[in-house]
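Just below is one structure, and these are the notes that go with it.
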Amino acid sequence: MSLLQSLKLTTPFLHGSSNLSLLSKPSSTSLASPPPPPTFLPPIRAMKSMQGRVVCATSDKTVAVEVVRLAPHPKYKRRVRKKKKYQAHDPDNQFKVGDVVQLEKSRPISKTKTFVAIPVPNRNRAKSQEAAAGELEIPLESQQA
C-alpha cells in the first residue's frame, strides 16, 4: 500500500500549472530557412473535354450531343459501349445533326448545360486532301483520248 502512495503523479502538466512557453513547437536546426511556397498548379479535373456526335439541334443555342465510351461489363468483363447525352451550348447555331463536336467543360450556363460545343476538324477530309496533294499527275487511260 505504501508503494501506491509513493507513486504519486507529480507533473507540471496536471491542472494547467505548466508554463505555455515549454509547449511551443520544437525548432529544427536542419531547416534553417522556411521551405519555398509551392508553385501554382491548376487543379486536376477528370474529363475536362469529351467528343461526341450531335443528335438534336432543334433548340436555340443548344445541341444535344451523344458521347460513346467503352466500359467493362460488370459481370462479363467485356468492353461494352455506353452512351450518354449531354446538352451543350452552341452560341452561333452552327452545328447540325451528325456533326462531330468536342465538349469543353465550362461554368453552368443553365440547369442542364455545363458544356460548350467546339467544332472538330474532320479527319477524312484531311486525309483525302493529303492524298490528292500526293498523287502523281499521270492522266488515266480514259482521260487520254
Side-chain angles (χ1 to χ4, degrees), residues 4 7-145:
L4 286 176
L7 291 176
K8 201 171 195 181
L9 290 177
T10 57
T11 173
F13 296 111
L14 284 180
H15 309 297
S17 63
S18 68
N19 189 358
L20 292 179
S21 64
L22 298 174
L23 299 176
S24 65
K25 292 183 180 177
S27 63
S28 175
T29 56
S30 64
L31 292 176
S33 64
T39 59
F40 175 74
L41 294 175
I44 298 172
R45 290 180 286 164
M47 265 199 327
K48 284 189 288 190
S49 64
M50 297 177 283
Q51 197 168 3
R53 185 173 302 276
V54 176
V55 292
C56 179
T58 56
S59 302
D60 185 35
K61 297 186 179 181
T62 303
V63 290
V65 180
E66 186 178 61
V67 176
V68 179
R69 64 184 182 91
L70 293 175
H73 189 278
K75 183 175 181 182
Y76 301 115
K77 308 303 181 207
R78 186 174 189 268
R79 296 199 324 168
V80 182
R81 282 192 184 99
K82 300 265 185 172
K83 296 179 184 179
K84 186 165 182 181
K85 277 198 332 187
Y86 294 96
Q87 300 293 320
H89 187 58
D90 178 18
D92 303 328
N93 290 325
Q94 63 181 354
F95 299 113
K96 308 292 180 228
V97 175
D99 292 347
V100 177
V101 296
Q102 181 99 11
L103 297 180
E104 288 288 330
K105 189 91 169 147
S106 71
R107 64 176 179 81
I109 298 164
S110 71
K111 181 180 176 183
T112 58
K113 285 199 297 186
T114 57
F115 292 96
V116 175
I118 298 172
V120 174
N122 196 351
R123 287 188 244 162
N124 294 339
R125 272 192 292 172
K127 286 181 183 178
S128 64
Q129 289 173 356
E130 289 174 9
E135 283 182 356
L136 300 175
E137 297 296 327
I138 301 173
L140 298 175
E141 289 181 18
S142 59
Q143 294 174 346
Q144 288 180 352

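To the nearest 0.5 Å, the span separating NZ on Lys113 from NZ on Lys111 amounts to 14.5 Å. Expressed to the nearest 0.5 Å, how far NZ of Lys82 lies from CZ of Arg69 amounts to 6.5 Å. Atoms CD and CD1, from Gln94 and Ile118 in turn, are 10.0 Å apart once rounded to the nearest 0.5 Å.
Shortest non-hydrogen contact noted between Pro108 and Thr114 is CA-CG2, 3.9 Å. Across Val63 and Ala117, no two heavy atoms sit closer than the pair CG2-CB, 4.2 Å.
Between Val67 and Lys83, the closest side-chain pair of non-hydrogen atoms is not below 4.5 Å. The closest side-chain heavy-atom distance from Phe115 to Lys105 is below 4.5 Å. The shortest side-chain heavy-atom distance between Val116 and Ile109 falls under the 4.5 Å cut-off. Residues Val65 and Lys85 are not in side-chain contact: their nearest non-hydrogen atoms beyond the backbone lie 4.5 Å or more apart. Between Arg53 and Val100, the closest side-chain pair of non-hydrogen atoms falls below 4.5 Å. Proximity of Ser106 to His89: side-chain heavy atoms (C-beta onward) are nowhere separated by under 4.5 Å.
Put simply, the side chain of Asp90 never gets that close to the backbone of Lys61: no donor and acceptor are under 3.5 Å apart.
Ser49 and Gln102 share a donor-acceptor pair across their side chains, judged by distance under 3.5 Å alone.
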